[in-house]
Every structure is written in C-alpha cells, then in structure tokens.
Amino acid sequence: MKTSTTKIDIQKASRSKIKNVDFNNLSFGQVFTDHMMVCDYKDGMWQTPTIKPYGPFELDPSAKVFHYGQAVFEGMKAFKDEKDQIWLFRPEKNFERINKSSERLAIPAFPRDYFFTAMEELLKLEREWIKKGFGNSLYVRPFVIATEAGVSAAPAKEYKFMIICSPAQAYYSGEVRVQISEKFSRAADGGVGFAKAAGNYAAQFYPTNLAKDEGFQQIVWTDASTHEYLEEAGTMNVFFRVGDKLLTAPTNDRILNGVTRDSVISLAKEYNIDLEIRRVSVKEIIEAAKSGELKEMFGSGTATVINPISGFGYAGEKYELPKLEDSYARFFKDKLTKIQYNQAEDKFGWRYLVK
Ligand SMILES: *Cc1c(COP(=O)(O)O)cnc(C)c1O
C-alpha cells in the first residue's frame, strides 16, 4: 500500500499562517491549515491530485452541487505522539465509507492510492499544525462535490474531491441533553441515512433548533415508520447502559456505520463487557430510567470520541442520568485515545503511521 506510484502536484504556500493561530483557543472547525488537496474528475476519470494553498475557488452558479446536493464527506483525525510521529486512526474505514457514500449519490469512486498518497503528502506538509499532547489533533475533512455546470437533474460528469484540515483541541461539548424524536425523522428505509451525505445534516438543523428551544443540544432519532426504536444522534452513534449491559442499535441503511462505534464494540468484546447489538425500544429505555436501571447513555463519533449524555427528554418529560465514577463512557474514551496517541498497545491494528 505504501509503494505508491501516484504523482501529486504540490504547490506550496509562500508563507504559513500558523503564527497567527492560538492553539490554546481553537473552536472546532474554524481555522484551516495552509494547504488543501484538490482532485478533479472530468472526461470520465480522476485527474492528477494537487496540493495547493488553502483558499476559496470559483464554481459556476449552476454547478450541480448547489441544486441537487451531490455532496458527501468524511471526518477523521491525525495525532502526533511523543516521538513526533503522525498517526491516523483506521483510515481504511473512512476510505471505504466515502466511496460507499459516493456510490449511493451516483458519484464516481475515488482511487485508494490517490486517497492515501494525497492525504499523507498533505499531512506531512502540515506536520507543524499537528500538536502533541492528549486532546490535540488535526481534524481531516475529505469531501466530494459535483461541479459540472447545468441545472438538468442528472448526475454530474465533473466533480472535485478535496481534503481540508483543521487543528482541534479536546472537544468538550459541556453537558449534553438529548431529545428523543417523536415526529421528525433523519433517515428512511432505502434512503441515504447510512451515507455521509451533506443533505442528511441540512435536514436535521430545523428539528434540532426546535429541540434546542426546549433545552436539548441534540436529537436521538427514532425509526421513521414507528418512532418506537432508538437509532442514532446527529453526528454520533448512541449506546445505552442498562444495569451493566451495553446496548446499541444494529447498523442498517438508515444508520451510519461509525468507526468509533465499531471500535467501542471491539473493545467491549475484548474486555468482556456484556454487549447486545439489537433494536433498543424507547419504551424499555424509559422504563429503565424510571426504575433506576439506566446508568448511562453516550454518543460515539470522531469529533468527540465518546460524548456522555447527561439526560434526555421524551413526550414532555425530562430524565436525568446518574453521574458515575466508573462509567463505560470514560473507560472507552481512555482506551481509544491511548491507542490513537500511540500510548497503548494496538491489538487490533487500528493505528496507521504516516510515513
Ligand atoms: C460521522 C457520523 C457518525 C460517527 O461516525 P465515526 O466514524 O465514528 O466518526 C455517526 N452518525 C452520523 C450520522 C455521522 O455522520
């Protein structure tokens, strides 16, 4: 995989912006590094990937991404260890997933070699932007958009695959309270819920604003047909701890198959945590909350790794969760981050060294 023959055009920025950045005061996804990767698709093929100075670019106003939403993305992180080595976490999963997302939106697949070679070249160029120390990382955002001009409703014949990078600190989102959805849906059977398609997020903003007005930060979506089963949150998969049993919904075409979720499941198995991957009903979670058996809820996703949920709302009632010393959330976060920062053995082969 590392014996790449892919050629990349590299055009370096004349000066770095890094001196203007306060790395102790970053808000997530606001500052971007000096370079970006751009690869155009035209005449039926992906052209030579280029790395160039980060900045705006022009598109025709009729570009299909603006009208028909052919856009997918990924989210991953690069970490630096004490020896200044740069690591990615399971990037193969993100590569596979962006092409799965693309396929569903009729976007041509991106070649593996381009993806890895271009990303590694970009990360090497931006190595100063990746700071050492727990919590620090470089958030990497690959995405694809349809750039062909013309408003006929058909898949575009031209695209841009791009990678941009944003330095990140430990993401502390404060207390997260979630509302269980009774009316709105995120995804439907046969739809695009499993894809990281841009439109999935646009569709969540309005219901999430309504939930915010009622004091919740996020929504936990339920199945679109009955609203009886819990699925996932806006950008996180969701786990429940009832007694000492860990529960999470199986992935399907409505639920995004999170890399963090998959990693939590592997760790739960390794550490003999009682785990059930099955449909989780709203009713059982409400009953468990009432009887005191519901010990934890947490979300899993690249940005926050593990995000504890402090309470939830359903049908006008609010429920608080206990604050545990020995939470599963803390356990998984500790195990995962130690692997990510090369501070623990990597039994599963999840780390990927950027050479
Ligand atoms: C990205 C995302 C997740 C989390 O996936 P990770 O691979 O763990 O980052 C979960 N749900 C949705 C809807 C997402 O977009």
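We count ligands from 1, going down the list as the structure has it; atoms in each ligand are counted the same way. Just so it is clear, the values below take in all heavy atoms, side chains as well, and ignore hydrogens, waters and symmetry mates.
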Anything under 30° is parallel, anything over 60° is perpendicular, the rest tilted; go ahead and classify Phe115 against Phe95.
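Tilted: the ring planes of Phe115 and Phe95 meet at 30° to 60°.
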
Can you list the atoms of ligand 1 that are under 4.0 Å from a heavy atom of [X]?
X: Gly234; result: 12 (C), 13 (C)
X: Gly258; result: 5 (O), 6 (P), 7 (O), 8 (O)
X: Arg186; result: 13 (C)

When you measure from [atom] to every protein heavy atom, which one gives the shortest distance, and what is it?
atom: atom 12 (C) of ligand 1; value: Glu232 OE1, 3.4 Å
atom: atom 15 (O) of ligand 1; value: Tyr201 OH, 2.2 Å
atom: atom 9 (O) of ligand 1; value: Thr302 OG1, 2.6 Å

Below 4.5 Å, heavy atoms only, C-beta onward: do Leu336 and Trp350 meet side chain to side chain?
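Sidechains of Trp350 and Leu336: in contact.
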
Quick check: do Phe110 and Tyr41 have side-chain heavy atoms less than 4.5 Å from each other?
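In short, these two side chains do not touch, never coming nearer than 4.5 Å.
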
I'd like the name of whichever of Asn94, Thr260, Thr235 reaches closest to atom 4 (C) of ligand 1 through any heavy atom.
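Among Asn94, Thr260, Thr235, the closest heavy atom to atom 4 (C) of ligand 1 comes from Thr235.
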
Selected option - heavy-atom contact closest to atom 2 (C) of ligand 1, from Lys196, Arg90, Arg261, Arg97:
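That would be Lys196.
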
So which pairs with a foot in residues 232-242 pass salt bridge (Lys or Arg N to Asp or Glu O under 4.0 Å), sequence neighbours left out?
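For residues 232-242: Arg186-Glu232, Arg241-Asp244, Arg241-Glu296.
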
Geometry only, no angles: is Val259 polar-contacting ligand 1 at N/O separations under 3.5 Å?
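Yes, at least one N or O pair falls under 3.5 Å.
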
Which heavy atom of Arg261 sits nearest a heavy atom of Asn257, and at what distance?
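Residues Arg261 and Asn257, closest heavy atoms: NH1-OD1, 4.1 Å.
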
Heavy atoms only: give me the nearest Asn136-Lys131 pair and the separation to one decimal.
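Of all heavy-atom pairs spanning Asn136 and Lys131, the closest is CB-O, 3.2 Å.
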
Has Trp46 got a side-chain atom pairing as donor or acceptor with Ala109's backbone, closer than 3.5 angstrom?
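Checked: pair present.
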
